[in-house]
Amino acid sequence: ELAKERARLVLGRYGVVFRQLLARELPPFQWSQLFRALRLMELSGEVLSGHFFSGVPGPQFVSRAAFRALSEGLPEEAVYWLSASDPASLCGVDLDELKGILPHRHATTHLAFEGRDLKVVSRRKGRELEISVPPEYPRLSELLSFLKVLVSREVSPLKAVQIERINGEPAAHSPYLALLKREFGGTVDPKGVRIWKRY
């Protein structure tokens, strides 16, 4: 029963679980500790098993609520961002399909998505940005909104975000400079572009 409760916790967190996803969990929440409980929950009808995502070898288990959400389809126009070390992030999960697509799992790395497409990767607390859309992209300011959060969040805000390079080039000479100034109040200094909290 304790293993079932732990399985419910990880299903509540992820919706779908599989061996590689649980490899980074604490030992009581890893695949070897939960697999039997998940099979019993499948037999009772509490969870479903099958092949829900391609590129994931072995069995996958999904909660009924997650299965309904996936069946209805996810909003392709949604813009969202997360830390690479967030539990919902797949950075660092050992899947061949993800190698070379997602960055390493560091707390100083952030990812911004539009639907299922990764549009922005921020490394080293914003010092390096990789932006895959042009400066005139209509939703770019939304995709970069995490920069405001880094300096304005209630817990451990940064004093400023210092952007040094964008797509491998100096930020002070980037075609994205005008947008950073306009939307985020960015100021140019010798190190690049600095974004401060607006009081």
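Basis for what follows: all heavy atoms, side chains included, without hydrogens, waters or symmetry-related copies.
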Any carboxylate oxygen within less than 4.0 angstrom of a Lys/Arg side-chain nitrogen, looking at [X] and [Y]?
{"X": "E46", "Y": "R8", "value": "yes"}
{"X": "E183", "Y": "K148", "value": "no"}
{"X": "E25", "Y": "R13", "value": "yes"}
{"X": "R116", "Y": "E76", "value": "yes"}

Mind checking whether V161 and F184 have side chains closer than 4.5 Å, heavy atoms only?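 No, side chains not in contact.
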How about Y14 and L22: do any of their side-chain heavy atoms sit closer than 4.5 Å?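 Yes, at least one pair of side-chain atoms sits under 4.5 Å.
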With hydrophobic residues grouped by side-chain heavy-atom distances under 4.5 Å, do [X] and [Y] end up in a single group?
{"X": "L11", "Y": "L43", "value": "no"}
{"X": "W31", "Y": "L26", "value": "yes"}
{"X": "L48", "Y": "L40", "value": "no"}

Mark yes or no for whether [X], through its side chain, and [Y], through its backbone, hold a donor-acceptor pair below 3.5 Å.
{"X": "E42", "Y": "V47", "answer": "no"}
{"X": "Q20", "Y": "L95", "answer": "no"}
{"X": "S145", "Y": "E142", "answer": "yes"}
{"X": "Y80", "Y": "G115", "answer": "yes"}
{"X": "R19", "Y": "P57", "answer": "no"}

With sequence neighbours excluded, tell me which residues meet side chain to side chain donor-acceptor pair (under 3.5 Å) with D94.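 Residues passing side chain to side chain donor-acceptor pair (under 3.5 Å) with D94: none at all.
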Any residue meeting side chain to side chain donor-acceptor pair (under 3.5 Å) with R124, in chain and number order, not counting sequence neighbours: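 Per chain and number, R124 pairs via side chain to side chain donor-acceptor pair (under 3.5 Å) with E128.
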Taking ring-ring contact (aromatic ring centres under 6.0 Å, His included) as the test, write out the residues that go with F53, two or more places apart.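 F53 satisfies ring-ring contact (aromatic ring centres under 6.0 Å, His included) with no other residue.
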Would you find more than 12 non-hydrogen atoms of other residues, nucleotides or ligands less than 6.0 Å from K4 atom NZ?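 Counting neighbours around NZ of K4, more than 12 heavy atoms of other residues, nucleotides or ligands fall under 6.0 Å, so yes.
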Have a look at E130 and tell me which of R123, K119, R165 forms a side-chain hydrogen bond (donor to acceptor under 3.5 Å, both in side chains) with it.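 Filter result, single survivor: R123.
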So Q162 and R194, side-chain hydrogen bond (donor to acceptor under 3.5 Å, both in side chains) or not? Walk me through it. CA-CA 5 Å; Q162 180 73 50; R194 186 174 290 248; 2.7 Å; yes
